[in-house]
Amino acid sequence: MNTSLIELPIATADGNFLARYSEKGLAGLDFPKNGRASSRPVATKQIPLQTLRWHRTATEALKAILAGREPKALPPLDWAGTTEFQQAVWRTMLAIPLGKTKSYGEVAKAIGNPKAVRAVGGACGANPVPVLVPCHRILAANKKIGGFSGGLDWKRDLLTREGIVCE
DNA sequence: CTCCGCCTACCAA
DNA sequence: TTGGTAGGCGGAG
């Protein structure tokens with residue numbers, strides 16, 4: 001069983017993101033690292049054509065969102081190893097259009113488990129593909145910013161780019 | 001089973 | 001308003 005992931009950088013005006021692909025699709029996305037450690041180089045020729053296609057799609061999607069535009073398409077996402085609950089939360093987030101938000105409570109209600117509010121927060125924090133799976137569009141009750149594992153600065157920044165104003 | 005967390009509603013100042 | 005807190009739930013160990 002091949003579980004090795006291919007890591008490819010996505011250069012943006014905001015830094016170098018790092019995308020990870022499995023044979024099933026995009027499995028992870030990291031915000032630019034603080035250190036200037038460039039990712040390990042990968043010879044283009046040994047990367048499956050399919051992966052390159054996904055990478056092109058992911059790159060366009062990421063740049064679109066960073067520019068405040070709804071992405072045309074997303075690459076397939078590989079959520080292997082994650083739970084049904086988490087996937088339900090992430091699917092709900094994917095349904096939130098750019099520029100709109102939902103509270104943790106609303107998401108909990110949406111997945112049919114209104115009391116699992118805090119658990120929803122946990123799923124957001126476990127989101128392996130931030131930005132593309134818009135966990136930043138989930139705010140706390142009363143439009144408070146809430147938390148963000150990728151750093152609150154990023155959350156505020158992303159929301160601002162989408163024209164969202166919160167508390 | 002225990003502990004913790006991107007939450008909330010509620011209650012006391 | 002602000003601050004502290006108990007309740008509830010999924011995930012990790």
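Letters A, B, ... are given to chains in the order of the sequence lines, protein chains preceding strands, and every chain is numbered from 1.
One finds a salt bridge joining Arg161(A) and Asp14(A) here, because a Lys/Arg side-chain nitrogen approaches an Asp/Glu carboxylate oxygen to under 4.0 Å. The existence of a salt bridge linking Glu84(A) and Arg91(A) is confirmed by a sub-4.0 Å separation between a basic side-chain nitrogen and an acidic carboxylate oxygen. A salt bridge does not link Glu162(A) with Lys100(A): none of the charged nitrogens is closer than 4.0 Å to a carboxylate oxygen.
The nearest whole Å value for the distance from the CD atom in Glu167(A) to the P atom in dC6(B) is 18 Å. Here dC6(B) presents its P atom at 21 Å from CD1 of Ile164(A), a figure rounded to the nearest Å. Atom-to-atom, NZ of Lys144(A) to C1' of dT2(C) comes out at 12 Å; the value is rounded to the nearest Å. dT8(B) atom P lies 13 Å from atom CD1 of Ile145(A), rounded to whole Å. Whole-Å rounding puts the Gln86(A) CD to dC9(C) C1' distance at 13 Å. In this structure, Ile111(A) places its CD1 atom 9 Å from P of dG11(C), rounding to the nearest Å. Going from atom OH of Tyr104(A) over to atom P of dC7(B) covers 6 Å, rounded to whole Å. Distance, Lys115(A) NZ to dA9(B) C1': 14 Å, rounded to whole Å.
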Yes or no on ring-ring contact (aromatic ring centres under 6.0 Å, His included) for Phe17(A) and Trp154(A), after CA distance, side-chain angles and deciding distance?
CA-CA 13 Å; Phe17(A) 283 73; Trp154(A) 266 111; 5.7 Å; yes
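Within the shown strands, nothing qualifies as a pairing partner of dC6(B) under the Watson-Crick or G-U definition with both distances less than 3.5 Å. Judged by Watson-Crick or G-U wobble contacts below 3.5 Å, the nucleotide dC1(B) has dG13(C) as its partner.
The base of dG7(C) sits within donor-acceptor range of the side chain of Arg118(A), with an N or O pair under 3.5 Å.
Separating the CG atom in Leu8(A) from the CZ atom in Arg56(A) is a distance of 11.5 Å, to the nearest 0.5 Å.
Which of dA9(B), dC9(C), dG11(C) sits closest to the side chain of Ala116(A) comes down to dC9(C). Of the candidates dA9(B), dC9(C), dG11(C), dG11(C) carries the atom nearest the Phe85(A) side chain, counting heavy atoms from C-beta on. Taking every side-chain heavy atom of Thr83(A) into account, dG11(C) is the closest of dT8(B), dG11(C), dG5(B). Residue Phe148(A) has its side chain nearest to dC6(B) when only dT8(B), dC6(B), dC9(C) are considered.
Residues Gly147(A) and Asn142(A) both approach DNA chain B. Their nearest nucleotides, taken by heavy-atom distance, put Gly147(A) toward the 5′ side.
Between Asn113(A) and the phosphate of dC9(C), there is no side-chain N or O to OP1/OP2 separation shorter than 4.0 Å.
Using a 4.0 Å heavy-atom cutoff across all strands shown, Gly125(A) reaches at least one base atom of the nucleic acid.
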